[in-house]
Amino acid sequence: MVALQEILGVQVDAGLLELALTHRSFAYENGGLPTNERLEFLGDSILGQAVTVMLYRDYPLLPEGDLAKRRASLVSTAALSEVARGIGLGRFVRLGRGETLTGGRDKSSILADTVEALIGAVYLDTGVDAATRFVMRLLQPMLADPGHFGISMDPKTSLQEAAARLGAGVPVYTVAESGPDHSKVFIATVNVGTAVTATGEGTSKKHAEMAAALEAWTRLRALRR
């Protein structure tokens, strides 16, 4: 916790910080502990407000449509997971054994959700002004080039373009579903030749495929480094 607080550059109550790091897989395997999902919900709101105010203030000539696109990029799973990887957040997340074994510490969705939960924890412990400064500090590497994260707007097309540039082949998707009719979960798998295989889940086939495409795009990008 001390190491993480030094990385984050802000002091947060240890209990709140631990809660922000607790993924539902860990909570389930340890007797139904509280999860970080409520903090994630709160942090998402604080993040959106901070980014909206910043864009309105710092880009006075941009029309509403362009402001909305930049905001969507900066608060996207792609941007937040990139932030998380930049500070090595994955090693601090409290995951269940199953998620750990399947690479959960580098899953874009888990990393992005944890960043939002951390923002929620900072807000509760230090107030809105400190939380806003925290958001801006996290996003600083993104602000110079928010268009880089346009992947969030159309991940399937972005993945196809990235695969073509690498000569990795055309992405191929398969989708499975589980659960009752009123609460189905769709799990998509995408294969990009032999270069990358990634999965994603969602409440619809479309959302699951978009999540899988985003994860595959992130892995392809890592291969190019």
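Count residues from 1 along the sequence. The figures that follow rest on heavy atoms only: side chains count, while hydrogens, waters and symmetry mates do not. Please read these numbers as outputs of a predicted model, since none were measured by experiment.
- Of the possible polar contacts, one joining the R105 side chain to the G90 backbone as a donor-acceptor pair under 3.5 Å is found.
- Among the candidates I110, D113, T114, the single residue satisfying the side-chain contact (heavy atoms from CB on, under 4.5 Å) test with H23 is I110.
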Exercise for the section: Show the numbers, then the answer: is there a side-chain contact (heavy atoms from CB on, under 4.5 Å) between L67 and T52? Expected result: CA-CA 8 Å; L67 291 173; T52 299; over 6 Å; no
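- Separating the CG atom in L42 from the CG atom in N36 is a distance of 12.0 Å, to the nearest 0.5 Å.
- The environment of CD in Q5 is crowded: more than 12 heavy-atom neighbours from other residues, nucleotides or ligands sit within 6.0 Å.
- The 12-atom threshold is not exceeded at NZ of K206, counting heavy atoms of other residues, nucleotides or ligands nearer than 6.0 Å.
- No more than 12 heavy atoms of other residues, nucleotides or ligands lie within 6.0 Å of OH in Y123, so this atom counts as exposed by the packing criterion.
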Validation: residues 26-34 side-chain donor-acceptor distances under 3.5 Å, sequence neighbours left out:
unit_1 : atom_1 : unit_2 : atom_2 : d
E29    : OE1    : R97    : N      : 2.9
E29    : OE2    : R97    : N      : 3.2
N30    : ND2    : F26    : O      : 2.8

Exercise for the section: Evaluate salt bridge (charged side-chain N to carboxylate O under 4.0 Å, His left out) for E177 paired with K205, printing each intermediate quantity in order. Expected result: CA-CA 8 Å; E177 60 182 74; K205 177 182 177 181; over 6 Å; no
Counting only pairs under 3.5 Å, give me each side-chain donor-acceptor contact of residues 188-195, with atom names and distances, residues two or more places apart or in other chains.
unit_1 : atom_1 : unit_2 : atom_2 : d
N191   : OD1    : T197   : OG1    : 2.7

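- Distance alone, capped at 3.5 Å, places no donor-acceptor pair between the T35 side chain and the R24 backbone.
- Checked by atom type, the side-chain pair S108/R85 shows a donor-acceptor distance below 3.5 Å.
- The number of heavy-atom neighbours closer than 6.0 Å to CD of Q160, taken from other residues, nucleotides and ligands shown, is 12 or below.
- Between atom NZ of residue K69 and atom CG of residue L62 there is a gap of 11.0 Å, rounded to the nearest 0.5 Å.
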